[in-house]
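Notes to accompany the following structure.
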Amino acid sequence: VYKYRNAAKELHEYLADEGAINAGIAEDTYQKLLFEQATGVSMLALVNSFSYSLIKSRLVMLTKIRSSKVAKARMLMALPIVMVLLVVFACNKSNQSEVQNTDPVLRSVLDKAGNKTEEVVFFEVDNMPQFEGGDSALRDFIASHVKYPKEAKEDGIQGRVFVQFVVSKNGKVEQVKVVRGVHDLLDKEALRVISALPDWKPGMKNGKCVTVSFTVPINFQLD
């Protein structure tokens, strides 16, 4: 990706130069302008280190800029690079939205009479649910209860598992699920630990206890 980014940047500079020349600027005048802008000195003060810079490549390319076939070929070569970058960024954005959703949703629950009803699940509220002892206590609980699966250790399996759950208006930890897993062995252990969490202080919105969704990462890393 680093090389692709540099190649795309270089191509962009070439196209900008071509546009300037096609607009009617004299090639020799434009070359002098590029050099003086990059170095702060005139063309007469050319130094050895400059011979490997992008500016030199642009100056050389200016002498070939009227070749439409070269320009078109470079554009065609850049298209696959652009497509790859778009796919990579789109996948990253999709993964983030999957783990960090913030829009309230509905879930089905049973009321005291045993009838199904719908309950709003929030992701952000006025007062978020609190684990007894705070975030540091939550991290300590997870660290002390995680048991690295023996088979996963032997096979060198490691990574970060993202577990989503809700803290109900009664403070109960419910609907535990993996939203981004690594391996079945690690995923199951992460689910076990989160399912064992004790009751929380429920979240508050507009002065009322509400159900709130959480996503917690559990890192499995071998020494």
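Residues take their numbers from the sequence shown, with the count starting at 1.
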Closest non-hydrogen atom pair, [X] against [Y]:
X: Asn219; Y: Gly159; answer: OD1-O, 3.6 Å
X: Val125; Y: Gly203; answer: CG2-CA, 4.5 Å
X: Pro202; Y: Gly171; answer: CB-N, 4.1 Å
X: Val163; Y: Ala190; answer: CG2-CB, 3.7 Å
X: Val193; Y: His145; answer: CG2-O, 3.8 Å

Practice task
Determine, step by step, whether Ile218 and Ile194 satisfy the side chain to side chain contact (heavy atoms under 4.5 Å, CB included) criterion, reporting the C-alpha distance in whole Å, the side-chain angles of both residues, the deciding distance to 0.1 Å, and the verdict.
Solution key: CA-CA 9 Å; Ile218 299 182; Ile194 296 301; 3.9 Å; yes
Exercise for the section: May I ask whether Met128 and Val173 are part of the same hydrophobic cluster, defined by side-chain heavy atoms of I, L, V, M, F, W, Y residues being less than 4.5 angstrom apart, directly or through others? Expected result: yes
Practice task
Using the rule that two of Ile, Leu, Val, Met, Phe, Trp, Tyr join whenever any of their side-chain heavy atoms come within less than 4.5 Å, decide whether Phe123 and Met204 are in one cluster.
Solution key: no
Once rounded to the nearest 0.5 Å, what's the spacing between atom [atom1] of [X] and atom [atom2] of [Y]?
X: Lys205; Y: Glu124; atom1: NZ; atom2: CD; value: 9.0 Å
X: Thr211; Y: Glu174; atom1: OG1; atom2: CD; value: 7.0 Å
X: Leu186; Y: Leu191; atom1: CG; atom2: CG; value: 11.0 Å
X: Phe122; Y: Ser213; atom1: CZ; atom2: OG; value: 12.0 Å
X: Arg160; Y: Gln221; atom1: CZ; atom2: CD; value: 9.0 Å

Exercise for the section: Would you sort out whether Val210 and Val120 count as a side chain to side chain contact (heavy atoms under 4.5 Å, CB included), showing the intermediate values? Expected result: CA-CA 8 Å; Val210 293; Val120 179; over 6 Å; no
Side chain to side chain, [X] and [Y], heavy atoms closer than 4.5 Å:
X: Leu197; Y: Leu138; answer: yes
X: Trp200; Y: Ser168; answer: no
X: Asp199; Y: Lys172; answer: yes

Handout entry: Asp155 vs His183, side chain to side chain contact (heavy atoms under 4.5 Å, CB included): CA-CA, chis, key distance, verdict
Key = CA-CA 11 Å; Asp155 294 339; His183 186 277; over 6 Å; no
Problem - Test ring pair (Phe, Tyr, Trp, His ring centres under 6.0 Å) applied to Phe220 - qualifying residues, sequence neighbours left out - result: Tyr148
Practice task
Look only at the side chain of Gln158 and the backbone of Leu222, and say whether a donor-acceptor pair between them is shorter than 3.5 Å.
Solution key: yes
Completion exercise
Applied to residues 184-194, the side-chain hydrogen bond (donor to acceptor under 3.5 Å, both in side chains) test, sequence neighbours excluded, yields Asp184-Lys188, Glu189-Arg192
Problem - Within 6.0 angstrom of Glu154 CD, more than 12 heavy atoms from elsewhere - result: yes
